[in-house]
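Residue numbers start from 1 in every chain, and the chains themselves are labelled A, B, ... in the order their sequence lines are given, proteins ahead of strands.
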There are 2 protein chains.
Amino acid sequence: MQFYRKEVYKKGAYLIKPEQSIEDFYFMKKGCVTYYTIEDGVTRVMEFFTEGSFFTDLYPYIEEIPSESYLEVTEDSTVYTISKTDALKVFDYSHSLERFGRLSMQKAFINNFQRINRMKNLSNQERYLQLLEKRPSLFQRVPQYLIASYLGLTPVGLSKIRKRLSQQ
Amino acid sequence: MQFYRKEVYKKGAYLIKPEQSIEDFYFMKKGCVTYYTIEDGVTRVMEFFTEGSFFTDLYPYIEEIPSESYLEVTEDSTVYTISKTDALKVFDYSHSLERFGRLSMQKAFINNFQRINRMKNLSNQERYLQLLEKRPSLFQRVPQYLIASYLGLTPVGLSKIRKRLSQQ
DNA sequence: CGTATTTATTAAACCAGTTTAATTAGAATC
DNA sequence: GATTCTAATTAAACTGGTTTAATAAATACG
């Protein structure tokens with residue numbers, strides 16, 4: 001029983017756009033997807049999903065309401081996709097996969113929680129350095145202004161931080 | 001089979017302190033527990049757990065490493081406690097409770113995720129107002145400097161925001 | 001009670017970001 | 001290779017916070 005499907009996307013494609021309902025859960029095999037919203041013309045990057053990430057636009061997925069976000073392929077990508085109905089079937093069928101689901105969710109929760117604390121406790125400069133250390137490849141994969149947004153900065157602000165660092 | 005126990009704590013007690021290993025998961029029936037760390041003498045509030053919260057110091061709980069945080073009872077509280085071994089037994093025994101566990105984790109994840117975005121997209125003033133609206137009772141229950149810390153501000157900063165608002 | 005202690009506010013100097021706008025650098029396209 | 005378009009940097013004025021320190025208000029307690 002093959003309950004997921006393999007899909008290949010070109011850079012520039014969208015897995016999800018605003019107004020859409022969310023039917024699928026994704027696993028990133030290879031590539032990069034940027035998860036963002038646009039409010040009042042301002043792009044706000046929430047996450048970059050790269051190799052090994054499970055993801056979707058979770059809140060609309062669960063609540064069965066339309067998305068307000070984009071999942072844009074920012075680098076040619078291979079993803080494994082499972083529909084919501086198939087995911088539920090799998091969980092009904094298998095206690096151990098339900099457990100896997102629980103543990104995955106737990107892991108995602110912890111990641112997020114630690115990220116909150118990182119954000120709260122570190123300066124912007126420190127958070128930039130930490131990102132540079134933990135996910136250096138991002139800086140080759142996505143433009144700097146998206147990284148600035150992800151860090152909660154303006155492009156100008158990030159540029160200033162980089163300058164300050166290069167002068168030391 | 002009663003797998004949880006009811007416990008009553010007085011204000012000032014600790015469920016968890018640094019160095020301890022985390023054996024239990026908690027459900028807050030009534031009261032308030034403040035979850036914080038102290039680094040370099042600086043208290044950083046991560047969360048206030050009030051009625052209806054499931055909580056523990058999750059990362060050390062899962063990784064089985066010592067905690068670095070405090071769970072301090074900031075208001076007389078009644079909690080239901082379940083040990084890690086009992087929780088695992090329950091999940092082994094019951095697929096539907098495992099599902100409940102997964103869904104609870106999912107809910108916690110979404111809450112957190114939305115909080116991240118709130119933090120990123122809103123000004124400090126807006127986040128203060130939002131907290132005031134969503135959890136007004138907190139301001140009666142915990143001192144303002146802890147709320148400042150929770151919002152990522154200094155007590156002075158929060159006081160200025162309050163003044164600014166009162167002058168409009 | 002009155003005194004001691006903790007919490008909240010205020011003031012002043014400072015700083016790391018913002019906004020706006022101009023400039024430079026880099027990529028894509030003809 | 002020149003042109004065009006997008007991304008990144010720089011500059012200048014500004015803003016919302018910080019830090020430190022003093023003061024005022026609230027709370028605890030002998």
Q: Compare side-chain N and O positions of A:Arg162 against OP1 and OP2 of D:dT9 and report whether any pair is under 4.0 Å apart.
A: yes

Q: Starting at the 5' end of nucleotides 25-30 of chain D, put B wherever the base has a protein heavy atom under 4.0 Å, S where only the sugar-phosphate does, and a dash everywhere else.
A: ------

Check whether any side-chain N or O of [X] sits under 3.5 Å from a backbone N or O of [Y] as a donor-acceptor pair, and report yes or no.
X: B:Asp76; Y: B:Lys11; value: yes
X: A:Ser67; Y: A:Gln20; value: no
X: A:His95; Y: B:Glu98; value: no

Distance check needed: [N] [atom2] versus [X] [atom1], whole Å only.
X: A:Lys163; N: D:dA12; atom1: NZ; atom2: P; result: 11 Å
X: B:Leu151; N: D:dT18; atom1: CG; atom2: C1'; result: 16 Å
X: A:Gln140; N: D:dA7; atom1: CD; atom2: P; result: 17 Å
X: B:Leu146; N: C:dT6; atom1: CG; atom2: P; result: 15 Å
X: B:Gln144; N: C:dT7; atom1: CD; atom2: C1'; result: 9 Å
X: A:Gln167; N: D:dA11; atom1: CD; atom2: C1'; result: 14 Å

Q) Looking at the rings of B:Tyr35 and B:Phe55, which for Trp means the six-membered one, are their centres under 6.0 Å apart? A) no

Q) Given the side-chain rings of A:Tyr80 and A:Tyr26, with only the six-membered ring counted for Trp, is the space between their centroids under 6.0 Å? A) no

**Q.** Polar side chain donor-acceptor pair, A:Glu126 to A:Ser123, under 3.5 angstrom
**A.** yes

**Q.** Any side-chain donor near an acceptor of the partner, A:Thr74 and A:Thr34, under 3.5 Å
**A.** yes

Mutual orientation of the aromatic rings belonging to [X] and [Y] [parallel < 30°, tilted 30-60°, perpendicular > 60°]:
X: B:Phe54; Y: B:Phe100; result: perpendicular
X: B:Tyr36; Y: B:Tyr70; result: parallel
X: B:Phe139; Y: B:Tyr128; result: perpendicular

Q. Would A:Arg44 and B:Lys120 satisfy side-chain contact (heavy atoms from CB on, under 4.5 Å), going step by step from the backbone distance to the final call?
A. CA-CA 9 Å; A:Arg44 301 188 188 276; B:Lys120 257 181 59 174; 5.7 Å; no

Report each atom pair, protein N/O against N/O of nucleotides 16-23 of chain C, whose distance is under 3.5 angstrom.
residue: C:dG17; atom: OP1; partner: A:Asn124; partner atom: ND2; Å: 3.3
residue: C:dG17; atom: OP2; partner: A:Arg164; partner atom: NH1; Å: 3.0
residue: C:dG17; atom: OP2; partner: A:Arg164; partner atom: NH2; Å: 2.7
residue: C:dT18; atom: OP1; partner: A:Thr154; partner atom: N; Å: 2.9
residue: C:dT18; atom: OP2; partner: A:Thr154; partner atom: OG1; Å: 2.7
residue: C:dT18; atom: O4; partner: A:Lys160; partner atom: NZ; Å: 2.9

Q) How bent is the helix from C:dC1-D:dG30 to C:dC30-D:dG1, comparing axes over its five end pairs at each side, to the nearest 10°? A) 40°

